[in-house]
Amino acid sequence: MATSASAQLSKMVKRQYMELPQGDKVQAMYIWIDGTGEGLRCKTRTLDSEPKSIEDLPEWNFDGSSTYQSEGSNSDMYLIPSAMFRDPFRKDPNKLVLCEVLKYNRKSAETNHRHTCKKIMEMVDQQSPWFGMEQEYTILGTDGHPFGWPSNGFPGPQGPYYCGVGADKAYGRDIVEAHYKACLYAGVMICGTNAEVMPAQWEFQIGPCEGINMGDHLWVARFILHRVCEDFGVVASFDPKPIPGNWNGAGCHTNFSTKEMREDGGLKCIEECIDKLGKRHNYHIRAYDPKGGLDNARRLTGHHETSNIHEFSAGVANRGASIRIPRTVGQEKKGYFEDRRPSANCDPYAVTEALIRTCLLDEEGDEPVDY
């Protein structure tokens, strides 16, 4: 099992330094999405006092030519603090700061989908859009081999691993438990976790979150997972199909509701939204992974609990459909629906924005409307 050299360093030695008092100073770790649309970057600065709100945090900058976001001759990019969380690694009063990225001309970077998402969410805030996203991921060694798998073969076939218990069924639970506690400490709206169908694959759920908070909380939960895995010397992969063949892929199923859907008779509104989504399938497939659908094409095959990427479908309790209506929602005639198409490496800002545009702003066609 290949683990990183950093993981071999003594954590006991590190602890004696981490426990040193830091006076009134505060470490703020600024986090941003890089030019790939799925990678995360971070760096830390010292503040003179504990920030109480986003307004207390200064803007910053970084070299975009080293993050696939600009050319070297004009490389300065701006970091705009957008959401603040407690730091579970350095602990209080230190902070994690999720940032938007602006280019040299103060326009949004190409992979800054938060900017337009926030604008779209503000247009429909009176409808109280709630989201819950189910983030699947796979634990890998530093050599890319799934954690706990035999070095020259495969584990037993899928079946005993989903929500499994025992050393021969659950691979890497320490990471899952550490991540869960770290998210709770940080103030991330994590609401659950479970082992998934493929061994070494897990899922955590974020939500319910309203509006822009969905993207903020999921991105910070992903950052925390990467950092936890770094401490353990392994890698968290959000690849939608990490192992080809008869193994489940990894998605980010997105649950969505509005105030009207959650009230009596809301099923009618849910069905109307599904009808709109069916007419705009190609637009959503493009928005649901960072490569415009190419990543998801490996996962959405119609097998392994997925729908076919070329067809739209919906059904009650159907995990082979594009959209699933939970059985309780069908019975109670109100609640929410689940869009099963987003890939594990999707940008939650792009996914939630697409749902609002189609379902609540009644957009049609393959391109988003410019408001």
May I ask you to test the Lys103-Asn74 pair for a side-chain heavy-atom distance under 4.5 Å?
-> no
Pairs involving residues 161-170, ordered by first then second residue, that meet salt bridge (Lys or Arg N to Asp or Glu O under 4.0 Å) (sequence neighbours left out) | none
Please confirm whether Arg41 makes a cation-pi placement over Phe62, using NZ or CZ under 6.0 Å from the six-membered ring centre and within 45° of the ring normal.
-> no
Going by atom types only, do Asp347 and Trp219 share a side-chain donor-acceptor pair under 3.5 Å?
-> yes
Test ring-ring contact (aromatic ring centres under 6.0 Å, His included) on His217 and Phe85 and set out the steps.
-> CA-CA 9 Å; His217 283 248; Phe85 296 82; 5.0 Å; yes
Flag the pair Val101 / Asp34 as yes when at least one side-chain heavy-atom distance between them is below 4.5 Å, and no otherwise.
-> no
Test item: His145 side-chain N/O and Pro150 main-chain N/O as donor-acceptor pair under 3.5 Å = yes
Kindly write out the residues that satisfy ring-ring contact (aromatic ring centres under 6.0 Å, His included) with Trp60, not counting sequence neighbours, or none if the list is empty.
-> Tyr30
Evaluate the ring planes of Phe131 and Phe256, with Trp represented by its six-membered ring, and classify them as parallel (under 30°), tilted (30 to 60°) or perpendicular (over 60°).
-> parallel
Step by step, would you call Thr306 with Arg341 a side chain to side chain contact (heavy atoms under 4.5 Å, CB included)?
-> CA-CA 8 Å; Thr306 68; Arg341 295 171 293 175; over 6 Å; no
Are any non-hydrogen side-chain atoms of Leu57 and Met84 less than 4.5 angstrom apart?
-> yes
Does any non-hydrogen side-chain atom of Ser82 lie less than 4.5 Å from one of Lys118?
-> no
Of all the heavy-atom pairs spanning Ser343 and Asn296, show the shortest one and how long it is.
-> CB-OD1, 3.4 Å
Non-neighbouring partners of Trp32 that pass side-chain hydrogen bond (donor to acceptor under 3.5 Å, both in side chains), sequence neighbours left out = none
For residues 305-333, the salt bridge (Lys or Arg N to Asp or Glu O under 4.0 Å) pairs (sequence neighbours left out) are Arg324-Glu338
For atom CH2 of Trp130, is the number of surrounding heavy atoms from other residues, nucleotides or ligands below 6.0 Å larger than 12?
-> no
ring-ring contact (aromatic ring centres under 6.0 Å, His included) partners of His303, counting only residues at least two apart | none
Salt bridge or not for Arg280 and Glu363, using N-O below 4.0 Å?
-> yes
For Lys119 and Tyr371, the nearest pair of non-hydrogen atoms, with its separation, is NZ-O, 3.9 Å
So do Leu79 and Lys43 actually touch side chain to side chain, heavy atoms under 4.5 Å?
-> yes
In plain terms, say whether Lys268 and Glu272 are close enough for a salt bridge, that is, a side-chain N and a carboxylate O under 4.0 Å apart.
-> yes
For Ser10, which residues count as a side-chain hydrogen bond (donor to acceptor under 3.5 Å, both in side chains) partner, sequence neighbours excluded?
-> none
Would you mind reporting whether Gln135 and Phe238 have side-chain heavy atoms less than 4.5 Å apart?
-> yes
Those residues at least two apart in sequence (or on a different chain) that pass ring-ring contact (aromatic ring centres under 6.0 Å, His included) with His284 are Tyr288
Taking NZ, NE, NH1 and NH2 as the nitrogens, is one of them in Glu136 or Arg299 under 4.0 Å from a carboxylate oxygen of the other?
-> no
How would you list, by chain and number, every residue that makes a side-chain hydrogen bond (donor to acceptor under 3.5 Å, both in side chains) with Ser257, sequence neighbours excluded?
-> Arg262
Can you find a pair of side-chain heavy atoms, one from Ile274 and one from Ser322, that are under 4.5 Å apart?
-> no
If a pair satisfies ring pair (Phe, Tyr, Trp, His ring centres under 6.0 Å) and one of its residues is in residues 156-197, list it, with sequence neighbours excluded.
-> His179-Phe204
Under the ring-ring contact (aromatic ring centres under 6.0 Å, His included) test, residues paired with Phe147 that sit two or more places apart = none
From CA spacing to verdict: salt bridge (charged side-chain N to carboxylate O under 4.0 Å, His left out), Arg114, Asp216 | CA-CA 9 Å; Arg114 188 184 191 276; Asp216 291 348; 2.9 Å; yes
Closest non-hydrogen atom pair, Pro88 against Ala186 | CD-CB, 4.2 Å
So with a 6.0 Å cut-off around CZ of Arg106, is the heavy-atom count from everything else above 12?
-> yes
Expected list for residues 20-28: side-chain donor-acceptor pairs under 3.5 angstrom, two or more places apart:
residue, atom, partner, partner atom, Å
Gln22, OE1, Asn94, ND2, 3.3
Gln22, NE2, Lys25, O, 2.9
Gln22, NE2, Asn94, OD1, 2.8
Lys25, NZ, Asp48, OD1, 2.7

Looking only at heavy atoms, which two atoms of Ile190 and Ile206 are closest? And how far apart?
-> CA-CD1, 3.7 Å
With a 3.5 Å cut-off and no angle check, do the side chains of Glu110 and Asn112 form a donor-acceptor pair?
-> no
Gln201-Asn248 side chain donor-acceptor pair, cut-off 3.5 Å = no
Using side-chain hydrogen bond (donor to acceptor under 3.5 Å, both in side chains) as the criterion, list what pairs up with Lys291, not counting sequence neighbours.
-> Glu38, Asp295
Indicate whether any N or O donor in one side chain lies under 3.5 Å from an N or O acceptor in the other, for Glu260 and Thr258.
-> no
Taking the side chain as every heavy atom from C-beta outward, state whether Trp202 and Ile139 have any atom pair closer than 4.5 Å.
-> yes
Apply the test side chain to side chain contact (heavy atoms under 4.5 Å, CB included) to residues Leu300 and Ile285: give CA-CA distance (whole Å), side-chain angles for both, the deciding distance (0.1 Å), then the verdict.
-> CA-CA 10 Å; Leu300 296 179; Ile285 288 297; 4.0 Å; yes
